[in-house]
There are 2 protein chains.
Amino acid sequence: MATIRERNKRLIIKTACQVFADKGFAATKTSDIADQAGLPKANIYYYFKSKEALYRAVLESIIDPLLQAYSSFHSEHEPARALEAYIKAKIRISREHADASKVFASEIMHGAPHLSSGSLEQLKAEAERSIERIRQWIEEGLMAPVDPHHLMFTIWASTQTYADFDWQIIQITGRRKLTAKDYDSAARLITDLVLKGCEVQKAEDT
Amino acid sequence: MATIRERNKRLIIKTACQVFADKGFAATKTSDIADQAGLPKANIYYYFKSKEALYRAVLESIIDPLLQAYSSFHSEHEPARALEAYIKAKIRISREHADASKVFASEIMHGAPHLSSGSLEQLKAEAERSIERIRQWIEEGLMAPVDPHHLMFTIWASTQTYADFDWQIIQITGRRKLTAKDYDSAARLITDLVLKGCEVQKAEDT
DNA sequence: GTCTATATCTGGATAGAC
DNA sequence: GTCTATCCAGATATAGAC
């Protein structure tokens with residue numbers, strides 16, 4: 001049951017997410033958010049005690065999807081399947097949580113000054129666990145001996161770019177907006193490069 | 001001959017570049033730049049008419065390196081050589097112009113509100129020309145039929161990430177600072193993925 | 001060309017009526 | 001729970017002495 005409080009908080013977070021993604025934290029005025037949400041500014045402050053608290057709410061909303069994306073590294077035994085699923089999940093985040101993803105990227109670029117240390121630790125732990133998993137696969141001879149860190153950085157960067165640099169991508173492709181097909185072919189290209197580069201063959205379904 | 005004017009402008013731009021990269025345009029205070037440069041704030045305004053003018057100077061400083069990086073697409077006839085050289089050039093930019101590169105990325109992320117339309121057009125033209133070149137190589141059967149746009153986006157993202165997300169990379173690798181070796185192995189991994197993915201073999205030197 | 005002191009304005013946050 | 005009017009800290013930019 002959606003109380004008035006919940007509905008409003010949701011509207012404010014959703015709008016804030018768009019504006020923060022567009023302008024960045026510092027350049028965003030709370031009045032921008034209020035105007036775009038069709039509310040008076042004071043209403044924002046009734047629900048969130050400060051601009052920063054609102055920003056943190058937006059920021060934390062992307063943590064769970066990012067953590068979830070790592071699941072294939074735990075559930076899959078073959079590197080090809082795990083990597084493919086991870087790339088797919090990351091591209092889906094760039095598509096379905098484009099704004100929050102961008103806010104997160106901007107935050108990381110500036111050294112994560114607002115991110116809670118709890119979230120940071122979780123993200124770091126999952127990343128390290130997955131990198132360790134890749135290292136094992138290499139030791140077991142299931143993959144070419146690529147540098148697992150750099151492999152991960154390339155996957156992060158190339159999937160994340162469809163959220164962060166959407167403006168650039170739209171400029172270059174001449175699209176008015178990225179479509180489902182665009183995201184799919186992006187995922188396919190990245191997966192191809194990674195699987196061929198790691199010399200693991202795409203596993204057929206069992 | 002370095003006049004006092006030139007020396008000071010250079011110092012201010014260099015310092016501004018660091019601070020803008022660290023905090024972003026809006027969050028940067030002109031007094032931060034002044035303090036870090038060891039100058040009184042009014043001195044900044046003696047050399048630059050506004051914070052934005054100074055920011056634009058920083059921003060424009062990265063355009064030329066970015067344009068130069070495309071040269072291998074024009075000078076090289078084999079895709080393998082051109083792609084390898086381009087990746088190397090882009091990684092070198094991430095290393096040697098890390099701060100300006102980051103400022104540029106942040107600018108693009110937010111829709112390039114401060115970038116001159118001239119620079120924008122030049123960058124776009126070079127990008128499109130290079131993408132067209134890749135398309136030709138594919139038609140001539142020199143490369144696998146990958147999507148040239150997505151290939152370019154992946155190269156941009158994976159090379160750019162070493163400047164933009166340096167903080168993250170340092171967190172994960174546990175390094176105190178990225179070394180020449182780190183950049184080299186990054187370039188090697190990205191080049192490997194791209195060349196294998198495009199099914200072009202690394203050309204031996206003639 | 002340098003720097004202190006200050007004008008001016010923007011934008012986060014709140015008081016208090018409804 | 002909503003909203004107008006307002007406060008005030010902080011930041012850009014400048015005036016004007018040196």
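Sequence lines set the chain letters: A, B, ... in the order given, protein chains first and strands last, and positions in each chain run from 1. Just so you know, these numbers come straight off a predicted model, no measurement behind them.
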Rounded distance in Å - [atom1] ([X]) to [atom2] ([N]):
{"X": "B:K41", "N": "C:dT6", "atom1": "NZ", "atom2": "C1'", "value": "10 Å"}
{"X": "A:Y46", "N": "C:dC18", "atom1": "OH", "atom2": "C1'", "value": "14 Å"}
{"X": "B:D35", "N": "D:dT12", "atom1": "CG", "atom2": "C1'", "value": "15 Å"}
{"X": "A:E52", "N": "C:dG11", "atom1": "CD", "atom2": "C1'", "value": "16 Å"}
{"X": "B:L54", "N": "D:dA11", "atom1": "CG", "atom2": "P", "value": "17 Å"}
{"X": "A:K49", "N": "C:dT14", "atom1": "NZ", "atom2": "P", "value": "10 Å"}
{"X": "A:L11", "N": "D:dG1", "atom1": "CG", "atom2": "C1'", "value": "15 Å"}

Check: A:K51 side chain, C:dG11 base, donor-acceptor under 3.5 Å
no

In terms of side-chain heavy atoms of [X], which of [options] is nearest?
{"X": "A:N43", "options": "D:dG1, C:dT4, D:dC3", "result": "D:dC3"}
{"X": "B:K29", "options": "D:dC3, D:dT12, C:dC3", "result": "D:dT12"}
{"X": "B:I4", "options": "C:dA13, D:dG1, C:dG1", "result": "C:dG1"}
{"X": "A:A42", "options": "C:dT14, C:dG1, D:dT14", "result": "C:dT14"}
{"X": "A:Y45", "options": "C:dT2, C:dG12, D:dA13", "result": "C:dG12"}

Evaluate the criterion salt bridge (Lys or Arg N to Asp or Glu O under 4.0 Å) for residue pair A:R135 and A:E139; output intermediate values, then yes/no.
CA-CA 6 Å; A:R135 203 191 307 281; A:E139 262 183 30; over 6 Å; no

Ignoring backbone atoms, establish whether A:Y47 has a side-chain N or O less than 4.0 Å from OP1 or OP2 of D:dT2.
yes

Can you check whether B:T30 has a side-chain N or O nearer than 4.0 Å to OP1 or OP2 of D:dT12?
yes

Side-chain heavy-atom pair A:L39, A:L11 within 4.5 angstrom cut-off:
yes

The single option from B:R95, B:K102, B:R176, B:K177 passing salt bridge (Lys or Arg N to Asp or Glu O under 4.0 Å) against B:D166
B:K102

Using 4.0 Å as the upper bound for N to carboxylate O, is an ion pair formed by A:E84 and A:R81?
no

Parallel, tilted or perpendicular: ring planes of B:Y162 versus A:H150, cut at 30 and 60 degrees
tilted

